[in-house]
Amino acid sequence: MILKEAMDEISRGIAEIIDREKIENLIKTYLQEGKEYSVKIGFDPTAADLHLGHTVLLQKIASFQKYGAKVQLLIGDFTAMIGDPTGKSETRKSLTREVVLENSKSYQEQVFKILDPEKTEVVFNSTWLDALGASGLVGLTTLFPVARMLERDDFEKRYKAGQSISISEFLYPLLQGYDSVELKSDIELGGTDQKFNLLMGRQLQRSYGTGKEQAILMMPILEGLDGVQKMSKSLGNFIGITEPAKDIYAKVLSISDELMWRYYELLSQKSLVDIAEFKENVANGTLHPKSAKENLALEITARFYDASIAQGAKEEFDNVFKSNLIPSDIKEFDIEDGVWICKALVDVGIEPSTSQARRDIKQGAVRIDQDKISDEKMNLSVGEYILQVGKRKFAKVRVK
RNA sequence: GGUGAGUUACUCAAGCGGCCAACGAGGGCAGACUGUAAAUCUGCUGACUAUGUCUUCGAAGGUUCGAAUCCUUCACUCACCA
């Protein structure tokens, strides 16, 4: 009974599972005998900020922690220096060791907003990969043929398209797989884009005769705010978990209706039954899609803050966009008398250049104290003004 | 190592001596319509107090009144050959 509950929770939203039976047995054994098992999850500390895309995986791991998982949080400090080629259409530049280590620190701080630190062990793969040495590395490479390596989707594409693939990129999956050998993981979690690498771990565990073959559970890749490409920092379509509450709220509300259901499925903790009901109600017109989205935004915001802060973010949002009020916490600047408006807009950081400012004024996108302006040559005289560009960029200036 | 092709703005991609701050597409920004949704329509999309000036077409030189366009060298990428 409890096992079924556990498996239902574990299965929610997943993309693919390899060796489901094994996972079920591990959980069953835990429930019966209290025996723990290890779950590996790898993070590449290439970006120091976690976003909602990462939390899809983290939440799944948190579920495992309820059912006897001892989590091996692997910081790929060694492999990050190579750079994972996954999903990249071009060679990725590698990071220096210092940057990697610095990133991994802030990673850990953020990860424990979701994971239970008591049941998590943080490990660095440089621990064993540094020690592997050239001979160990060569040994590892003999276990896998190039032709199989080229089967990997992105390698295949790049190879056919005549783009360069460096040898070090071949090493990446091997080393990541080798981590599983060292950690003797029972299960490894990752995104679907990691399938090849995850399977490599399973394969290598077998090749090295560890007596284990990790089960694999893959989560779908969360689309970013654009709803098309995967959420990532470099594409700028992300919601960071350390962002201010009002930004998280506003960003969730800006996603498309279609994407909202995806976020519900992967990020909300509401039951699937509830979500199906929302969906139906929206379809038959009894629930406005905006309301459904507001609920989602509140829930997600509250996860990283709390319910009252989330509510505050909502009110702030409604004030600004429904009632056209000015946000309460806009930045203030002191500016000298007689400053050219375009210059002022650049100085307070809501326009990138005076050229852009001119264009926006021409298009009626710039407002002073709520009134559209059209004279791009005007100067600001003494007083206090609210400058606004578009719908969401504000600044308060005091001209002296 | 040899031969050939290529390197253009955020991305893709035209241009191959002046009409080029550089066609087009995507993206982005802004406006209209809305629910800061989608779809759609429109404008903008190097910088500069600006009917002009300046810096951009891999890098550095050169030819020319004039170069993204021609020449030389260098760097990088790709293909075929070895």
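Both backbone and side-chain heavy atoms feed into the values below; hydrogens, waters and symmetry mates do not. Computed from a predicted model, the values in this text were never measured in an experiment. Residue numbering restarts at 1 for every chain, and letters A, B, ... go by the order of the sequence lines.
- With a cut-off of 3.5 Å on both Watson-Crick or G-U wobble distances, the partner of B/U56 is given as none.
- Separation of the P atoms belonging to B/A59 and B/C41 is 38 Å when rounded to the nearest angstrom.
- If you check every strand for non-hydrogen atoms under 4.0 Å, A/N379 touches a base.
- On the C1' atoms, B/C20 is 33 Å away from B/A32, given to the nearest whole Å.
- One finds no side-chain N or O of A/R358 lying less than 4.0 angstrom from the OP1 or OP2 phosphate oxygen of B/U45.
- Checked for salt-bridge contact, A/D257 and A/K290 miss the test: no charged N lies under 4.0 Å from a carboxylate O.
- Pair check for B/G18 finds B/C65; Watson-Crick or G-U wobble, both atom distances under 3.5 Å.
- Separating the P atom of B/U45 from that of B/A39 is a span of 23 Å, rounded to the nearest Å.
- The existence of a salt bridge linking A/R358 and A/E376 is confirmed by a sub-4.0 Å separation between a basic side-chain nitrogen and an acidic carboxylate oxygen.
- Pairing of B/G1, defined by two Watson-Crick or G-U wobble distances under 3.5 Å, is identified with B/C81.
- Scanning for ring-ring contact (aromatic ring centres under 6.0 Å, His included) contacts around A/F317 gives A/Y249, A/F321, with sequence neighbours left out.
- When the P atom is compared between B/G43 and B/U51, the two are found 24 Å apart, to the nearest whole Å.
- Look at B/U40: its Watson-Crick or wobble partner, with both distances under 3.5 angstrom, is B/A32.
- Under a hydrophobic-cluster definition in which Ile, Leu, Val, Met, Phe, Trp and Tyr are linked whenever side-chain heavy atoms come within less than 4.5 Å, directly or via other members, A/I14 and A/Y37 are assigned to the same cluster.
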Mind listing the N/O atom pairs, protein and nucleotides 34-40 of chain B, below 3.5 Å?
{"from": "B/G35", "atom 1": "O6", "to": "A/D257", "atom 2": "OD2", "distance (Å)": "3.2"}
{"from": "B/G35", "atom 1": "N1", "to": "A/D257", "atom 2": "OD1", "distance (Å)": "3.1"}
{"from": "B/G35", "atom 1": "N1", "to": "A/D257", "atom 2": "OD2", "distance (Å)": "2.8"}
{"from": "B/G35", "atom 1": "N2", "to": "A/D257", "atom 2": "OD1", "distance (Å)": "2.6"}
{"from": "B/G35", "atom 1": "N2", "to": "A/K293", "atom 2": "NZ", "distance (Å)": "2.7"}
{"from": "B/U36", "atom 1": "OP1", "to": "A/K290", "atom 2": "NZ", "distance (Å)": "3.1"}
{"from": "B/U36", "atom 1": "O2", "to": "A/R392", "atom 2": "NE", "distance (Å)": "3.3"}
{"from": "B/U36", "atom 1": "O2", "to": "A/R392", "atom 2": "NH2", "distance (Å)": "2.9"}
{"from": "B/A37", "atom 1": "O2'", "to": "A/I255", "atom 2": "O", "distance (Å)": "3.3"}
{"from": "B/A37", "atom 1": "O2'", "to": "A/S256", "atom 2": "N", "distance (Å)": "3.4"}
{"from": "B/A37", "atom 1": "N3", "to": "A/D257", "atom 2": "OD2", "distance (Å)": "3.3"}

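- Checking B/G31, B/A50, B/C29 against the side-chain heavy atoms of A/K372 singles out B/G31 as nearest.
- In this model, the phosphate group of B/C48 is approached by a side-chain N or O of A/S353 to a distance below 4.0 Å at OP1 or OP2.
- Here B/U45 sits opposite B/G27 as a Watson-Crick or G-U wobble pair (both hydrogen-bonding atom distances under 3.5 Å).
- The number of heavy-atom neighbours closer than 6.0 Å to NZ of A/K270, taken from other residues, nucleotides and ligands shown, is above 12.
- With both pairing distances under 3.5 Å, B/U7 is matched to B/A75 as a Watson-Crick or G-U wobble pair.
- Taking 4.0 Å as the cut-off between side-chain N and carboxylate O, A/K4 and A/D8 count as a salt-bridged pair.
- For the C1' atoms, the distance from B/A67 to B/C57 is 11 Å, rounded to whole Å.
- A/R398 and A/E332 are joined by a salt bridge, as a carboxylate oxygen and a charged side-chain nitrogen come within less than 4.0 angstrom of each other.
- Between A/E376 and A/V389, the residue anchored closer to the 5' end of RNA chain B is A/V389, taking for each the nucleotide with the nearest heavy atom.
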